[in-house]
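Residue indices begin at 1 and follow the sequence shown. Everything numeric here is computed off the predicted structure, so don't read it as measured data.
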Amino acid sequence: MAPNPHTLPPTVSAASGAATPWPRRRVLQAGLAVGPAAWLAGCASVTGQARPQVVVVGAGWGGLGAVRALAAEKAADIVLVEPNDRFMSCPMSGHYVATVGKLEDLLHGYERVDALPGVKRVRDRVQAIERDRREVVLAGGQRLRYDYLVLSPGIEYMEESLPGFAAAREALPVGFRAFEHQAVRAQVERFLAQGGTFVMSAPKPPYRCPPAPYERAMLIAEQVKKRGVRGKVVFLDANAAPMPAPTAQPILGALKAYADVIDYRPGVELQAVDAGRRTLQTSAGELRFDHANLVLPMRANGLVRQAGLGQRWADVELPTFQAKADARIFVIGDAQGSPQPKSGQVAFGQGRAVGEEIARRLRGEAAPVPKGEIELPLGICWAATSHDEAINVNVVTTMAPGQAPRLRFTVDPQPSARSGTAAWSWARGIWRTMLG
């Protein structure tokens, strides 16, 4: 359930994070992906005055929201920096990981985004941000100037939180970033073929899409039951109950249907892993495994720390998502540090709101004076409990001036086929909205 590894090579191996070639389209059509130097050379108007330029880092949910809003406002030239040639959705990926979905359902091209007036996409990764010069430095060495910068770079894993993980990275794919899911699916396929003990985990929040680890476990358990696999899933939850808290009872109720497959153990934290011996040290003792999908604690992509915008997460002003350290930078999506859920729908809404805010500033308009509570972008997600049923979760975030945000959850009391169908309708609809 959102991803964008901008400190990684252009296409990322799901298992190791190493660069691997992604099948390119026959030819990138004229103007679809341009060299940054060429775009910089062409951003002056015929009068010799440069148009305002907004650089958007990351063509995931948040970045695409910002690009769509900025393009509609026509207030600036937009440079979209994205290392991958295609968009891959983390929301709805649980079905693919559990072997009941297709990879092509999650993959989409950027052609219609590239065709938006004023938008140029640069296929590269960002290496550094130089705030004093208002420039973004790309891995290829080129520099992009910006009047405003929108960062939607996603998350990275806190590998140091689990001793032994870095050495075992290839054998233990996490799969919470785009283009990593293939390796997790391969792990699941081996488990379904061989049986044994499959250890899964959920960290303490905040992390990307809190219901996702439980969703994966149930979708995999469904296949165990369907195929008669001689195996079990041991789920180690660092929390006392499933996260986020308002979803705990519906998820615990859904887990009961898999009680003969899933051994759910709340309040158990990972302490170390030995991939060679296939053992885990936990707060409840040592545990042997045959296969594992360990979800690590997360933090913002390293660009946030490199640019001095925050530590674990970017420090932002609400409701604008402007970086507290720099009025020219906005941070959205899973990298920002507000209390809002780290999910795709929220990221897209934040991107649209930021695009509109930047356009307002470029037009020189005064900030609107809030009257009463302000509503932040809406959160909508579904936690699948089987191939055709899901739990719907809606989150409304409001804040009064000078007060902390308040989150109000509306959660299905139990899974239903209706929510299972609605999840796919939502996904296809928002993919069309983002990508055309």
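- Checked against ring-ring contact (aromatic ring centres under 6.0 Å, His included), Y96 has no partners two or more places apart in sequence or in another chain.
- Atoms OG and CG, on S152 and L80 in that order, are 10.0 Å from each other to the nearest 0.5 Å.
- Interatomic distance, NE2 of H108 versus CD of E111, reported as 11.5 Å (0.5 Å rounding).
- Without hydrogens or angle criteria, D412 side chain to N392 main chain gives a donor-acceptor distance under 3.5 Å.
- When side chains are defined from C-beta on, L296 counts as touching F165, because their heavy atoms get closer than 4.5 Å.
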Derivation of the side chain to side chain contact (heavy atoms under 4.5 Å, CB included) call for V119 and D114: CA-CA 6 Å; V119 176; D114 294 331; 5.5 Å; no

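- For P266, the side-chain contact (heavy atoms from CB on, under 4.5 Å) partners two or more places apart in sequence, or in a different chain, are Y264.
- Heavy-atom minimum distance, V331 versus A323: CG2-CB, 4.4 Å.
- Under the 4.0 Å criterion applied to side-chain N and carboxylate O atoms, R123 and E82 are not assigned as salt-bridge partners.
- Within the 4.5 Å cutoff, no side-chain heavy atoms of R112 are placed close to those of L435.
- Looking at L192 and E189, their side chains never come closer than 4.5 Å, going by heavy atoms from C-beta outward.
- In terms of modelled atom types and a separation under 3.5 Å, the side chain of D237 and the main chain of N239 share a donor-acceptor contact.
- In summary, E357 and R361 engage in a salt bridge, as defined by a charged side-chain N under 4.0 Å from a carboxylate O.
- Taking CG of D326 as the reference point, atom CZ of R131 lies at 4.5 Å (rounded to 0.5 Å).
- The aromatic rings of W426 and W61 lie parallel to each other, their planes meeting at an angle below 30°, with 60° marking the opposite boundary.
- Y214 pairs by the ring-ring contact (aromatic ring centres under 6.0 Å, His included) definition with F235, not counting sequence neighbours.
- Between the side chain of W382 and the main chain of S419, a donor-acceptor pair closer than 3.5 Å is present.
- The distance from the CG atom of L309 to the CD1 atom of I329 is 5.0 Å, given to the nearest 0.5 Å.
- Note that CD of E356 and CG of L70 are 9.0 Å apart. Values are rounded to the nearest 0.5 Å.
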Derivation of the side chain to side chain contact (heavy atoms under 4.5 Å, CB included) call for L144 and L138: CA-CA 8 Å; L144 298 174; L138 303 184; 4.2 Å; yes

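- Remark: side-chain polar atoms of T421 are paired, donor with acceptor, to backbone N or O of A417 under 3.5 angstrom.
- Residues T397 and P339 are not in side-chain contact: their nearest non-hydrogen atoms beyond the backbone lie 4.5 Å or more apart.
- Remark: the S338 side chain and the Q336 side chain contain an N/O donor-acceptor pair separated by less than 3.5 Å.
- Classification of E135 and R145 as a salt-bridged pair fails, no side-chain N sitting under 4.0 Å from a carboxylate O.
- For the side chain to side chain contact (heavy atoms under 4.5 Å, CB included) with V55, the lone residue among D147, V81, L151 that qualifies is V81.
- Although no hydrogens or angles enter the test, the distance criterion places no donor-acceptor pair under 3.5 Å between the side chain of Y258 and the main chain of A217.
- In the displayed structure, Q311 atom CD is contacted under 6.0 Å by at most 12 heavy atoms of other residues, nucleotides or ligands.
- Counting only residues at least two apart or in different chains, ring pair (Phe, Tyr, Trp, His ring centres under 6.0 Å) contacts with residues 300-356 are absent.
- By the 4.5 Å heavy-atom criterion applied to side chains, V113 and R121 are not counted as neighbours.
- Of the inter-residue distances, the one linking S201 atom OG with E269 atom CD reads 11.0 Å to the nearest 0.5 angstrom.
- Pairs of residues two or more places apart, or lying in two chains, that qualify as side chain to side chain donor-acceptor pair (under 3.5 Å) and include a residue from residues 65-74 are E73-R363.
- Using a 4.0 Å cut-off between a side-chain N of Lys or Arg and a carboxylate O of Asp or Glu, E180 and R177 qualify as a salt bridge.
- Checked for salt-bridge contact, K226 and E222 miss the test: no charged N lies under 4.0 Å from a carboxylate O.
- Atom CZ of R185 is surrounded by more than 12 heavy atoms from other residues, nucleotides or ligands within 6.0 Å.
- In this structure, R208 is not positioned above the aromatic face of F176 in the sense of NZ or CZ being under 6.0 Å from the six-membered ring centre and within 45° of the axis.
- Here the closest heavy-atom approach between residue V184 and residue G175 is recorded as CG2-CA, 3.6 Å.
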In a table with atom names and distances, give each donor-acceptor pair under 3.5 Å that connects a side chain of residues 366-378 to protein atoms at least two apart or in another chain.
residue : atom : partner : partner atom : Å
E373    : OE2  : R406    : NH2          : 2.4

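- Within the 4.5 Å cutoff, the side chain of M298 has no heavy atoms near those of the E156 side chain.
- Judged by distance alone, with hydrogens and angles left aside, the side-chain atoms of N301 form a donor-acceptor pair with the main-chain N or O of L303 at under 3.5 Å.
- The pair R418-E389 does not count as a salt bridge, with every side-chain nitrogen at least 4.0 angstrom from each carboxylate oxygen.
- Considering only heavy atoms from C-beta on, L149 stays 4.5 Å or farther from R328 through its side chain.
- The shortest distance between side-chain heavy atoms of V79 and Q53 falls below 4.5 Å.
- The two residues C90 and A178 make their nearest non-hydrogen contact at SG-N, 3.6 Å.
- Across A71 and P117, no two heavy atoms sit closer than the pair CB-O, 4.2 Å.
- No option in V199, L236, V174 other than V199 meets the side chain to side chain contact (heavy atoms under 4.5 Å, CB included) test with L294.
- In this structure, R51 contributes its side chain and A76 its backbone to a donor-acceptor pair below 3.5 Å.
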Candidate pair R227 and T99, rule side chain to side chain contact (heavy atoms under 4.5 Å, CB included), full reasoning: CA-CA 12 Å; R227 303 184 194 191; T99 76; 2.8 Å; yes

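- A donor-acceptor contact shorter than 3.5 Å links the side chain of R305 to the backbone of A300.
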Go through it in stages, so that I can follow the logic: the residues are I220 and F198, the test is side chain to side chain contact (heavy atoms under 4.5 Å, CB included), and I'd like the CA-CA distance, side-chain angles, deciding distance and then a yes or no. CA-CA 10 Å; I220 293 168; F198 193 151; 4.3 Å; yes

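- Residue A335 comes nearest to V304 through the heavy atom pair CB-CG2, 4.3 Å, listed as atom of the first residue, atom of the second, then distance.
- Across I251 and P211, no two heavy atoms sit closer than the pair CD1-CB, 4.5 Å.
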